[in-house]
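Here's the structure, in structure tokens; my notes come after.
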Amino acid sequence: MLKSTVDPACTGLFSTLFLDYIQNKKELKQFYQEFPELKHFKKTLADKTFDPERREILVRVLKEQYTGFEASQVSSNIDKLKQPNTYTVTTGHQLNLMTGPAFFIYKIVSTLLLARKLQESYPEFHFVPVYWMASEDHDFEEINHFHFDGKDYRWESEQQGPVGEFILDKSIRDLIQQWDFLPDFFKQAYTNSQFLKEAVRKYVHHLFADQGLVILDANDTAFKRSFLPIIKDDLFSQTANDLVNERNAELEDAGYKTQIFPREINFFYMEPGRRERLIYQDGIFSTHDGKNKWTEKEMRQLLEDSPEKFSPNVVMRPLYQEVILPNLAYLGGPAEVAYWFQLKGVFDHYKVDFPFLLPRNFALIIPKEVQRKIKKLDLKAEDLFLSLDKLRIDYVYRHAEADLSLLPEKEQLEKLFLSMEEKAVSLDPTLVNAVRAALIRSEKIIDQLGVKFRKASERKQGDAIRQIFEIKDALFPLGTLQERKVNFLEFYLGDNHFIDKLYKTFDPLDFNFIILQEDGSEESAKEDF
């Protein structure tokens, strides 16, 4: 595939906060530790340490989670995590059905490439890429579908609680048999697993094991026990709530919108089939649904006996990640990267290292038939991100047989009415307002005529307008950016080297939006963009 790039600011897809960050603007520097340039990793690596006991826990749990998997580059990377000079670079995502939108793949590819780039630059260290499975998430409606070949495919289930523990019952197995376009590795992952988290591990391992990607399920008692001091502090001191609210106020004062909002307690109570928010009132802890209640003494005992029953929310999950991993960098989407800025005060309070924050690579894949239409219409890469109406109207104006702006006519009209206004002043100054009102009415008539002229020209350019609709529909299905809607199978089934080609075109330290053209000659690609 041939690559070109677009400045993210030209796409209209990103928040001011995100754009200011990737442009390294000084207004945001207080909200993170260090900007992600390759040279900045050197000092961080020289200063960074990680508790050896936590390394032992990490390696032991990972080996347990990989029981039954054949030895691979992943096994080697897990062993490396015992060494004090080994660090992780991490991305995280939900357990979407069949990977969900294509950007799931882009996240992992970006993470793998960052580990590779750091390894080349700092060979005295080891860098292990990690995919953090959001197995404790309980929003099944966000993950139970995927979009392929113009159609949504969905798994309906009455199960509740953390999705990683969802049982792969007959309902999903029947669907797997019906969806005959699925590659065998997907079918085997879902039909040979008991729980959703197992299936996700298997298919992600199939796609990325050769690159050494380590898949981590943090829903583990040993991990939670190592996080226990912070869980206790949040439940009994409720410090994070104030710290995040302070940081939110600072961001808002700087002109930025905030995305996440803390609670007095930032943990859920979790058990099979349930994940309920915790509340503290009048000396009693309870679940939001009211089914469980504990005194302070009972809660302290529960924490000691069953730390695995406490699940971090969006405020505490990043901190949890950095406590159990020797992590150097986190890669995420624009919303993910932005909400970490709200958490710097929490990290500082608990004396936990704040990682480098990197946006994953963003990509738009242009199929060959769409490339031909783009070239025929002489569209630029930036044009693809315009709204359909603006793209259509701009095209009509540029290619009309006559000038549709009617600017010369407007100028003549203004000259005419200026002359009339001068006469009005000499005759009766009160007539000036009548002349000006007549000018406004006349300009509106010309504008209305201009719209009619444009629509007439649009009808004459009907074939080109139809192709504009087809281009936008292909690249923004249902009005959504391609990578946020379509499943990667859209490209992978026609080219099983699709992911390998991403390794050759993505760059985790280049924050531009990537345009990738399928096949075609380099000359034609350059002509397009």
Side-chain angles (χ1 to χ4, degrees), residues 1 62 65-66 68-78 88-116 127-135 143 145-149 153 155 163-164 168 172 176 179 181-193 195-217 331-333 360-363 365 482-506 508 514 516 518:
M1 288 188 287
L62 283 171
Q65 293 185 355
Y66 274 92
F69 286 77
E70 294 182 0
S72 64
Q73 182 61 40
V74 176
S75 309
S76 174
N77 275 347
I78 292 173
T88 60
V89 293
T90 303
T91 192
H93 199 67
Q94 296 164 297
L95 278 57
N96 292 72
L97 192 62
M98 310 304 166
T99 75
F103 73 76
F104 171 80
I105 300 296
Y106 304 164
K107 265 188 173 183
I108 292 180
V109 169
S110 300
T111 304
L112 292 167
L113 290 175
L114 179 62
R116 187 186 299 178
F127 302 94
V128 174
V130 171
Y131 161 50
W132 177 290
M133 292 199 297
S135 58
I143 69 159
H145 57 277
F146 67 100
H147 187 86
F148 169 73
D149 198 23
Y153 294 84
W155 171 30
V163 295
L168 299 176
I172 183 63
I176 297 295
W179 299 337
F181 57 87
L182 291 178
D184 285 343
F185 70 84
F186 270 138
K187 294 178 180 179
Q188 292 170 9
Y190 281 90
T191 57
N192 295 332
S193 300
F195 299 107
L196 180 58
K197 63 184 180 182
E198 296 175 35
V200 174
R201 181 184 295 276
K202 287 174 182 176
Y203 72 62
V204 175
H205 184 77
H206 172 86
L207 291 169
F208 299 106
D210 62 338
Q211 299 294 318
L213 180 71
V214 174
I215 302 164
L216 176 68
D217 179 5
L331 295 91
R360 63 168 175 82
N361 285 122
F362 310 101
I365 314 296
Q482 178 195 81
E483 64 165 30
R484 299 178 187 173
K485 183 67 176 178
V486 304
N487 187 269
F488 86 107
L489 291 178
E490 201 94 8
F491 316 108
Y492 182 86
L493 290 182
D495 179 5
N496 58 13
H497 296 293
F498 171 70
I499 294 176
D500 294 331
K501 292 177 179 178
L502 298 181
Y503 295 135
K504 297 176 182 178
T505 52
F506 280 15
I514 298 170
L516 295 176
E518 290 184 345

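Quick note: numbers below take in every heavy atom, side chains included, and nothing from hydrogens, waters or symmetry partners.
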#### Entry: Note, V214 side chain near T88 side chain (heavy atom, < 4.5 Å)
no
### Task
Using a 4.5 Å cut-off on heavy atoms from C-beta on, say whether the side chain of V109 contacts that of F208.
yes
### Message
So, applying side-chain contact (heavy atoms from CB on, under 4.5 Å) with K501, which one of L516, I365, D495 is it?
### Response
D495
### Task
Look at the aromatic rings of H93 and F104 and report parallel, tilted or perpendicular, splitting at 30° and 60°.
tilted
### Message
Between N487 and P101 (side chain of the first, backbone of the second, donor and acceptor by atom type, cut-off under 3.5 Å), is there such a pair?
### Response
no
### Query
Parallel, tilted or perpendicular: which describes the rings of F498 and Y106, with under 30° parallel and over 60° perpendicular?
tilted
### Query
What are the two closest heavy atoms between Q482 and A363, and how far apart are they?
OE1-O, 4.4 Å
#### Entry: Contact check, side chains of L196 and L168, non-hydrogen atoms, under 4.5 Å
yes
### Summary
On a heavy-atom basis, the closest approach of A134 and V163 is O-CG2, 4.1 Å
### Query
Could you state the interatomic distance from CE (M133) to CZ (R201), rounded to the nearest 0.5 Å?
4.5 Å
### Task
Apply side-chain contact (heavy atoms from CB on, under 4.5 Å) to the pair I172 and L97, showing each step before the final yes or no.
CA-CA 10 Å; I172 183 63; L97 192 62; 4.0 Å; yes
### Query
Quick one: does W179's side chain get under 4.5 Å of M98's, heavy atoms only?
yes
### Spatial distance of atom CZ (F186) from atom CZ (F146) [nearest 0.5 Å]
8.0 Å
### Task
Calculate, to the nearest 0.5 Å, the distance between atoms CD and NZ belonging to E483 and K107 respectively.
11.0 Å
### Query
Nearest 0.5 Å, what's the CD-CG distance between Q211 and N77?
10.5 Å
### Message
Quick one: does any side-chain atom of N361 pair with a main-chain N or O of I514 as donor and acceptor, under 3.5 Å?
### Response
no
## Note on the structure
Shortest non-hydrogen pair, A115 vs V89, comes out as CB-CG2, 3.7 Å
### Query
Which of parallel (below 30°), tilted (30 to 60°) and perpendicular (above 60°) describes Y66 and F69?
perpendicular
### Message
Could you tell me if the side chain of F127 sits less than 4.5 Å from the side chain of L114, heavy atoms only?
### Response
no
### Task
Give, for atom CD1 of I143 and atom OG1 of T99, the distance between the pair rounded to the nearest 0.5 Å.
12.0 Å
### Task
Would you name the heavy atoms of F488 and L207 that are closest together and state the gap between them?
CZ-CD1, 4.0 Å
### Message
Please find the pair of heavy atoms, one from P129 and one from L112, that lie closest to each other, and give the distance.
### Response
CG-CD2, 3.5 Å
### Message
Has T90 got a side-chain atom pairing as donor or acceptor with V130's backbone, closer than 3.5 angstrom?
### Response
no
### Query
Which class fits the ring pair F185 and H206: parallel under 30°, tilted 30 to 60°, perpendicular over 60°?
parallel
### Query
Tell me, do L502 and F491 make a side-chain contact under 4.5 Å, heavy atoms counted?
no
### Message
Any heavy-atom pair between the side chains of T111 and R360 that's under 4.5 Å?
### Response
no
### Query
At what distance, to the nearest 0.5 angstrom, does CG of L95 lie from CG of D217?
8.0 Å
### Task
Would you mind reporting whether L489 and L182 have side-chain heavy atoms less than 4.5 Å apart?
yes
### Task
Provide the closest heavy-atom pair for L493 versus P183 in the form atom of the first, atom of the second, distance.
CD2-CG, 3.9 Å
#### Entry: W155 ring center within less than 6.0 Å of Y190 ring center
no
